[in-house]
Chemist: 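Before we start, here is the structure in question, set down as structure tokens.
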2 protein chains.
Amino acid sequence: MNYKASQTLILNNVSRFIDLTELEKQKYISLLTEVKVEKKDFLMQAGEIAKYEYFITKGCLKVYTLDEDGAPHISMFAIEDYWTGDLSSFMTKEPSRYYIKATEHSELLGISRENYDLLFREIPKFERFYRILYQKSLISYIRRSNYGISLTAEERYLEFKKKYPQIVNRITQKDLAAYIGITPEFMSKIITKVNRM
Amino acid sequence: MNYKASQTLILNNVSRFIDLTELEKQKYISLLTEVKVEKKDFLMQAGEIAKYEYFITKGCLKVYTLDEDGAPHISMFAIEDYWTGDLSSFMTKEPSRYYIKATEHSELLGISRENYDLLFREIPKFERFYRILYQKSLISYIRRSNYGISLTAEERYLEFKKKYPQIVNRITQKDLAAYIGITPEFMSKIITKVNRM
DNA sequence: TAAAAGTCTTAAACTAGTTCATTTTTTTTC
DNA sequence: GAAAAAAAATGAACTAGTTTAAGACTTTTA
């Protein structure tokens, strides 16, 4: 069958861990919803229940919370070929504490909670897909959970630049500061210093 | 069949997410290895390849790395009914950066990498078990990955005390400092301050 | 294309957390 | 159960990162 570019992208992503028959591919695609968001628009806001988990086929989004003082803390930037959403709210059906906002025009494929549950019943192989996907995410979050605690801000910045060179140039310095966990002023100092070296 | 207390504990843990037949239970138990470690002994050291993932049936252990200055950074405390190990090294078969040391006499059930792979072939339901287990761990690590960045040391301490009251009294203040990401001196100050309030 | 809004830079005064040194208290070991 | 070792407390001097404020630069919008 003939798939759109976005559908081919998600099928390739899935085929990293499991093999699907042509019929299974079609079934899977039929369970997904296309979503588009313009720059600065929200995919989701705090207080809502996360209805979907998303695969990004184009663009860039930031996932963040606001603290009591209204200051944003960015927990991830998501670009093409990445998954995003609020897994906690998606699973528990409790209101989310997260905002997801597009930093560029973005296109996504979403799977609803009903279709996610259905997927495991219709194509049990997807248990394996998600087992491996979550395992890999878990490994990177376990590593990351100590960064804020054991590295200086400058080290965290250098790590980020090294690990996500494709992202650094697509986001503002201010958003990067909110991800690194420092003020925009101190981010500016770090960048000036690092460039001087 | 009659199971040991430790075996009953792990079967109950597994049955939170999947149902096993009597035969499957016996098969699963047969794939596990019993391990005991005395206080201050290592379950694993940096440089080794993580041969097992462990379920703790008794005791308490700390999982940590050493930084360039030789200072420890504890990434988790593991007690009864928890899973531990270095998932990254276990999966990639690359040398681990972690030490796992018993802070009390501890007893564990380990599954080797060969048996872990075999398990999915023999009882595919375990894909579901690990999918859900990793999903839940992922949710808590996603939440935690921002703590070091967005909370003060005092807030992190209060969070830990609230979330793991059973653990606080079993570990030293020094180890807690290495987990919170501060010096033992500052940990002491925080505790004095919090107790005064 | 001009005005408005947002982003980045610089600098001075401040605060959370570190470092180093010493003493007291608790735990371990023989 | 005494001696040794480790953990905890306290305090003074220090540093990484914050706050506030103001000006320069860049992007968005009408």
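Since the structure is predicted, the reported quantities are computational estimates derived from the model, not experimental observations. So you know, we letter chains A, B, ... as the sequences are listed, proteins then strands, and number each from 1.
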Chemist: Whole angstroms only, please: what is the CD1-C1' distance between B/Ile149 and D/dT18?
Modeler: 16 Å

Chemist: Mind calculating the distance between CD1 (B/Ile191) and P (D/dT10) to the nearest angstrom?
Modeler: 12 Å

Chemist: Could you state the CG-P distance from B/Asp69 to C/dT18, rounded to the nearest angstrom?
Modeler: 13 Å

Chemist: May I ask you to decide whether B/Arg121 forms a salt bridge with B/Asp117, counting only side-chain N to carboxylate O separations under 4.0 Å?
Modeler: no

Chemist: Would you say B/Lys125 has more than 12 foreign heavy atoms packed within less than 6.0 Å of its NZ?
Modeler: yes

Chemist: Return the value, rounded to whole Å, for the distance between atom CD of A/Gln173 and atom C1' of D/dT27.
Modeler: 15 Å

Chemist: Among A/Tyr134, A/Phe129, A/Phe126, find the residue that satisfies the ring pair (Phe, Tyr, Trp, His ring centres under 6.0 Å) test when tested with A/Phe17.
Modeler: A/Phe129

Chemist: Ignoring backbone atoms, establish whether A/Thr183 has a side-chain N or O less than 4.0 Å from OP1 or OP2 of D/dT18.
Modeler: yes

Chemist: Measure from the side-chain heavy atoms of B/Ser188 and tell me the nearest of D/dG17, C/dT10, D/dT10.
Modeler: D/dT10

Chemist: Between P on C/dT18 and CD1 on B/Ile180, what's the gap in Å once rounded to a whole number?
Modeler: 12 Å

Chemist: What's the closest nucleotide to the side chain of A/Lys40 if the choices are C/dT28, C/dT19, D/dT28?
Modeler: D/dT28

Chemist: In whole Å, I'd like the distance from the CD1 atom of B/Ile182 to the P atom of D/dG17.
Modeler: 16 Å

Chemist: Report the residue (B/Lys189 or B/Asp175) whose heavy-atom-nearest nucleotide on DNA chain D is the more 5′ of the two.
Modeler: B/Asp175

Chemist: Considering only side-chain heavy atoms of B/Lys174, which listed nucleotide, D/dA8, D/dT28, C/dT7, is closest?
Modeler: D/dA8

Chemist: Taking the inter-plane angle between the rings of A/Phe160 and A/Tyr164 on a 0 to 90° scale, is it parallel (under 30°), tilted (30 to 60°) or perpendicular (over 60°)?
Modeler: tilted

Chemist: Is the distance between the ring centroids of A/Tyr179 and A/Phe77 less than 6.0 Å?
Modeler: yes

Chemist: Let me know the distance between OH of A/Tyr157 and P of C/dC8, rounded to the nearest Å.
Modeler: 12 Å

Chemist: To the nearest angstrom, how far is A/Phe186 atom CZ from C/dT15 atom P?
Modeler: 17 Å

Chemist: Which nucleotide in the set C/dC20, C/dC8, C/dG17 lies at the smallest distance from any side-chain heavy atom of B/Glu185?
Modeler: C/dC20

